[in-house]
S.K.: 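Handing you a structure now.
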Amino acid sequence: MPGGRLNQQERHQIASGLADGLAYAEIARRLDRPTSTITREVLRNGGPTAYRADLAHRATERRAHRRRQATPRGPQVPPQAHGRDAEAVREYEEAFTTLLMQQGLPKMMSRVLTCLYTTDAGSLTASELVQRLQVSPASISKAVTFLQSQGLIRRERDERRRERYVADDDVFYQGMVAAARSHAQLAETARQGVSILGPDTPAAARLENIARFVDFVGERMMRAAEQARDILSTTPETTSGGTATSRSDGG
């Protein structure tokens, strides 16, 4: 596959493919590029509905210029563990952050959450987040307070009594539970309208259909979340060689 950065012509082909409703994998195949390259390119430049080739190309040139002109701030970033490509990791983190932002999470909160998701340690202190993201302690404090209030992270103390922030492994289960509860509230409210508007009216029939639909979806969403947590829940186990493996909680 060709190496190097995407050129402007390739970006126009990506935009054309998105307009035609093509999947990332199909666009990547036509450009003879990895699917991950196309995914990162689109997510970091507005997403599939807002991607613009010329804007994306200019944004990439600006980022490259800033990296060339930037002076190092603080300690140098340590080499990537496990032989990872530092540039690929950075681009992936940008793409993940962009995706979280598209789902409604503010930028700084998205950056912090991405850091926690992608660190091997599984947790970071406030000072480590400041160093990695090159932002003020106040920005980190505000972000972690918000993320904790949403149940996305939790605080804990390490052996040195330092406060660490952890991305909760159960966060997606909790999110599904919250969504199921929201569906249940919607169904209840819709059924209240049935009695108020009259059971034999078109409006009441519409509300009853809404209630039945969200009941159906919410019930299966909750059941799937419970099953997924039971089946996929794992705990880390370290081999004699120091390699992390996983085993079922019941194993």
Side-chain angles (χ1 to χ4, degrees), residues 21-26 35-36 39 42-43 47-49 92-93 95-106 109-123 143-156 164-238 244-251:
L22 299 181
Y24 294 153
E26 176 59 21
T35 301
S36 59
T39 303
V42 174
L43 292 181
T49 59
Y92 173 75
E93 289 174 345
F96 205 117
T97 298
T98 301
L99 179 61
L100 293 175
M101 291 170 61
Q102 289 174 345
Q103 295 179 352
L105 203 60
M109 290 66 170
S110 298
R111 295 185 68 197
V112 169
L113 198 56
T114 295
C115 257
L116 292 174
Y117 279 149
T118 56
T119 180
D120 287 317
S123 65
V144 297
T145 298
F146 174 85
L147 291 171
Q148 187 179 28
S149 73
Q150 300 299 306
L152 297 174
I153 66 171
R154 66 177 188 276
R155 302 173 191 243
E156 59 182 33
R164 303 188 70 87
Y165 306 109
V166 184
D168 199 328
D169 290 341
D170 221 21
V171 64
F172 291 103
Y173 169 77
Q174 297 298 338
M176 293 288 280
V177 170
R181 288 173 180 163
S182 177
H183 279 77
Q185 291 174 347
L186 176 56
E188 181 181 355
T189 301
R191 288 202 168 92
Q192 289 173 359
V194 172
S195 59
I196 292 172
L197 297 173
D200 298 324
T201 64
R206 185 181 305 112
L207 289 172
E208 178 60 30
N209 285 336
I210 292 172
R212 292 173 62 191
F213 178 84
V214 296
D215 270 344
F216 184 91
V217 171
E219 178 187 347
R220 280 151 183 79
M221 182 185 297
M222 195 65 222
R223 187 184 306 168
E226 295 282 2
Q227 291 175 339
R229 188 171 66 163
D230 291 342
I231 294 171
L232 303 178
S233 179
T234 57
T235 55
E237 187 176 68
T238 304
T245 61
S246 296
R247 66 178 177 82
S248 170
D249 287 337

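Only a predicted model underlies this, so the values are computations on that prediction, with no experimental measurement involved.
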S.K.: For the atom pair CZ (Phe146) and CG (Leu113), what is the distance rounded to the nearest 0.5 Å?
M.R.: 10.5 Å
S.K.: For Thr145, give me all partners under side chain to side chain contact (heavy atoms under 4.5 Å, CB included), at least two apart in sequence or on another chain.
M.R.: Ser141, Arg155
S.K.: Using modelled atom types and a 3.5 Å cut-off, is there a donor and acceptor pairing between side-chain atoms of Thr189 and backbone atoms of Gln185?
M.R.: yes
S.K.: Go through the structure and list residues passing ring pair (Phe, Tyr, Trp, His ring centres under 6.0 Å) with Phe96, not counting sequence neighbours.
M.R.: Tyr92, Tyr117
S.K.: Donor-acceptor pairs are to be reported for all side-chain atoms of residues 202-215 against protein atoms at under 3.5 Å, with residues two or more places apart or in another chain.
M.R.:
from, atom 1, to, atom 2, distance (Å)
Asn209, ND2, Ala205, O, 3.4
Asp215, OD2, Arg191, NH1, 2.6
Asp215, OD2, Arg191, NH2, 3.1

S.K.: List for me each residue that meets side chain to side chain contact (heavy atoms under 4.5 Å, CB included) alongside Met222, sequence neighbours excluded, and say none if there are none.
M.R.: Tyr173, Val177, Ala180, Glu226
S.K.: Mind checking the CZ-CE spacing from Arg111 to Met101? Nearest 0.5 Å is all I need.
M.R.: 10.0 Å
S.K.: How many angstroms lie between CD in Gln192 and CG in Leu197, if you round to the nearest 0.5 Å?
M.R.: 11.5 Å
S.K.: How close do Thr118 and Glu93 get, counting heavy atoms only, and between which atoms?
M.R.: OG1-OE2, 3.3 Å
S.K.: Under the salt bridge (charged side-chain N to carboxylate O under 4.0 Å, His left out) test, which residues partner Arg223, sequence neighbours left out?
M.R.: Glu219
S.K.: Arg181: which residues meet the salt bridge (charged side-chain N to carboxylate O under 4.0 Å, His left out) condition with it, sequence neighbours left out?
M.R.: none
S.K.: Rounded to the nearest 0.5 Å, what separation is found between the CZ atom of Arg164 and the CG atom of Leu116?
M.R.: 10.0 Å
S.K.: Among Val144, Thr97, Leu100, exactly one meets side-chain contact (heavy atoms from CB on, under 4.5 Å) together with Val112. Which residue is that?
M.R.: Val144
S.K.: Measuring from Ile153:CD1 to Leu147:CG, what's the distance to the nearest 0.5 Å?
M.R.: 5.0 Å
